[in-house]
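See structure below.
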Number of protein chains: 2
Amino acid sequence: MDKNLKKRETMHRLCAKGLEVFHEKGYYNTNLDDILKDLSLSKGAFYHHFKSKEDYFIAIVQNLVQQKVYALLVEPLNTHENPLPVILDSIEKALEPGRPNEIAYGFMLNDFITEFSKRNEEIATYLRDILKVWEVNLVSILKRGKVDGYIARHVDCEGAASYIIASYLGMRTLLAESTNRQLKYNYVQQLKLYFNAIEERQVVA
Amino acid sequence: MDKNLKKRETMHRLCAKGLEVFHEKGYYNTNLDDILKDLSLSKGAFYHHFKSKEDYFIAIVQNLVQQKVYALLVEPLNTHENPLPVILDSIEKALEPGRPNEIAYGFMLNDFITEFSKRNEEIATYLRDILKVWEVNLVSILKRGKVDGYIARHVDCEGAASYIIASYLGMRTLLAESTNRQLKYNYVQQLKLYFNAIEERQVVA
DNA sequence: GCTTAAACCGACCCGCCGGTCGGTTCCATT
DNA sequence: AATGGAACCGACCGGCGGGTCGGTTTAAGC
């Protein structure tokens, strides 16, 4: 059963490198040869494992992007603490690439969604669904925060969730290629100010 | 001098239609024939007026996009009133297409910058410069607001400006193709809450 | 060690689209 | 009416890149 291992190994290498290159240069601006050359693989090898470039990308999204976004931005919300610091912390961590040159997974969503919105509605939907999961989890933790007396009663949780997501996505356009640490820091500071505005003044001890 | 008029007329028609189609389908996903067919013009006519597709797009950006963004988001800031309502109002107006199906000019910046960041750094720079002008004007009106006692002293004006821009740009990704009126309304509401957080509590009468 | 199928190779195909170019039409000027 | 140049036409070119396909290598099973 060494063959089976080889297959998984090759597909994994393809996906990892694909994510890297697609993220760096965009999907439509990347040609398969660029990736295959890097991995010393041939067209034949590629089409043995994937039906098409599109199929390949969907596999990458489902196996890598989705998992990482959930791990960084959704799972941390599964707690009963004060929601606002939890959200802030998850976003801060998501913005901070752990190892040097690691990819900020949240950011690539903005790029890919923008790219596919005009080109391929099917893939755009896959990507938007990932955001949607983040959104419903944000809404639900915010609502619980209201019940628990952490968040002001007047706050519209759906509105707040989209607003948080929007600002997070928009940062990508501003950061662009420059890994501007200052900008990231500023963003988190302003988000804190916004959180001040929606938190319950008299915390129910 | 009828020839001169004809030239301007044709170039104007090309730019207007180009903006419409590029915005709808993206620059790289639009081929010139799509545009030329709509206008009943030929390749020859096009290359008589523009050096290249790229040259054409730059003309569109400078003649249409830049002008509109400045008119909607920069010029309104040139006032001595309380900055926060002024900013809010300009953004609200910019989000609201006047005539039905008119383009929200701010939004296209996010799309175009994302598209060109990975493909053509020269054009990306043109586009980012437009944002930059908005940013410096935001910073300056915020700083004046601080002096005039409208904005809390602790506020980082540069940070606030990028944060406002980020949230505005990020909305595009969420709105995508659906002209979701509710989402726009929610966004403005949350922006108001953020503005509450940065305004001076004791307004100097 | 032979068979068989999976894994892989790489030359080739072909549609798409930006750009070219030799020509035609229109119109201001004389 | 003749001229010349601007505006425009549209068939064609050529590179690029996704996808194909016949062939070769590798290794599991017997």
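In what follows, every chain begins at residue 1, and chains take the letters A, B, ... in the order their sequences are listed.
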Tell me which donor-acceptor pairs under 3.5 Å the side chains of residues 43-52 of chain B have, and how far apart each pair is, sequence neighbours excluded?
| from | atom 1 | to | atom 2 | distance (Å) |
| --- | --- | --- | --- | --- |
| B:Ser52 | OG | B:Glu54 | N | 3.4 |
| B:Ser52 | OG | B:Asp55 | N | 3.1 |

- Query: With B:Phe57, which residues qualify under ring pair (Phe, Tyr, Trp, His ring centres under 6.0 Å), at least two apart?
  - Reply: B:Phe22, B:Tyr27, B:Phe112, B:Phe116

- List in chain and number order the residues that pass side-chain hydrogen bond (donor to acceptor under 3.5 Å, both in side chains) with A:Asn186, two or more places apart in sequence or in another chain; answer none if no residue qualifies. A:Gln182

- Query: Should A:Lys146 and A:Glu200 count as an ion pair when the cut-off is N to O under 4.0 Å?
  - Reply: no

- Of all of residues 50-64 of chain A, which get a heavy atom below 4.0 angstrom from DNA chain C, listed by number? none

- side chain to side chain contact (heavy atoms under 4.5 Å, CB included) partners for B:Arg13, two or more places apart: B:Glu9, B:Leu39, B:Leu41

Quiz: residues 71-84 of chain A side-chain donor-acceptor pairs under 3.5 angstrom, not counting sequence neighbours:
| from | atom 1 | to | atom 2 | distance (Å) |
| --- | --- | --- | --- | --- |
| A:Thr79 | OG1 | A:Glu81 | N | 3.0 |
| A:His80 | ND1 | A:Arg144 | NE | 3.4 |
| A:Asn82 | OD1 | A:Leu84 | N | 3.4 |

- Note on the structure: With sequence neighbours left out, the residues meeting side-chain hydrogen bond (donor to acceptor under 3.5 Å, both in side chains) with A:Lys143 are A:Glu158

- Task: Could you list by number each residue of residues 27-34 of chain A showing a heavy-atom separation from DNA chain D of less than 4.0 Å, or answer none if no residue does?
- Result: A:Thr30, A:Asn31, A:Leu32

- Hits for side-chain hydrogen bond (donor to acceptor under 3.5 Å, both in side chains) against B:Asn196, two or more places apart or cross-chain, chain-then-number order -> none

- Task: Rounded off to whole Å, could you give me the NZ-to-C1' distance for the B:Lys7 and D:dG5 pair?
- Result: 12 Å

- Message: Under the rule for side chain to side chain contact (heavy atoms under 4.5 Å, CB included), what residues qualify as partners of A:Thr114, not counting sequence neighbours?
- Response: A:Asn110, B:Asn110, B:Asp111, B:Thr114, B:Thr173

- Message: Run the ring pair (Phe, Tyr, Trp, His ring centres under 6.0 Å) test against B:Tyr194 and tell me which residues pass, sequence neighbours left out.
- Response: B:Tyr163

- Message: At a heavy-atom distance below 4.0 Å, what parts of residues 36-48 of chain A sit against DNA chain D?
- Response: A:Lys43, A:Tyr47

- Residue-phosphate contact under 4.0 Å: A:Thr10 side-chain N/O, C:dC8 OP1/OP2: yes

- Query: Between B:His49 and D:dA6, is there a side-chain N or O to OP1/OP2 distance below 4.0 Å?
  - Reply: no

- Please report, rounded to the nearest Å, how far the C1' atom of D:dC8 is from the CD atom of B:Glu9. 14 Å

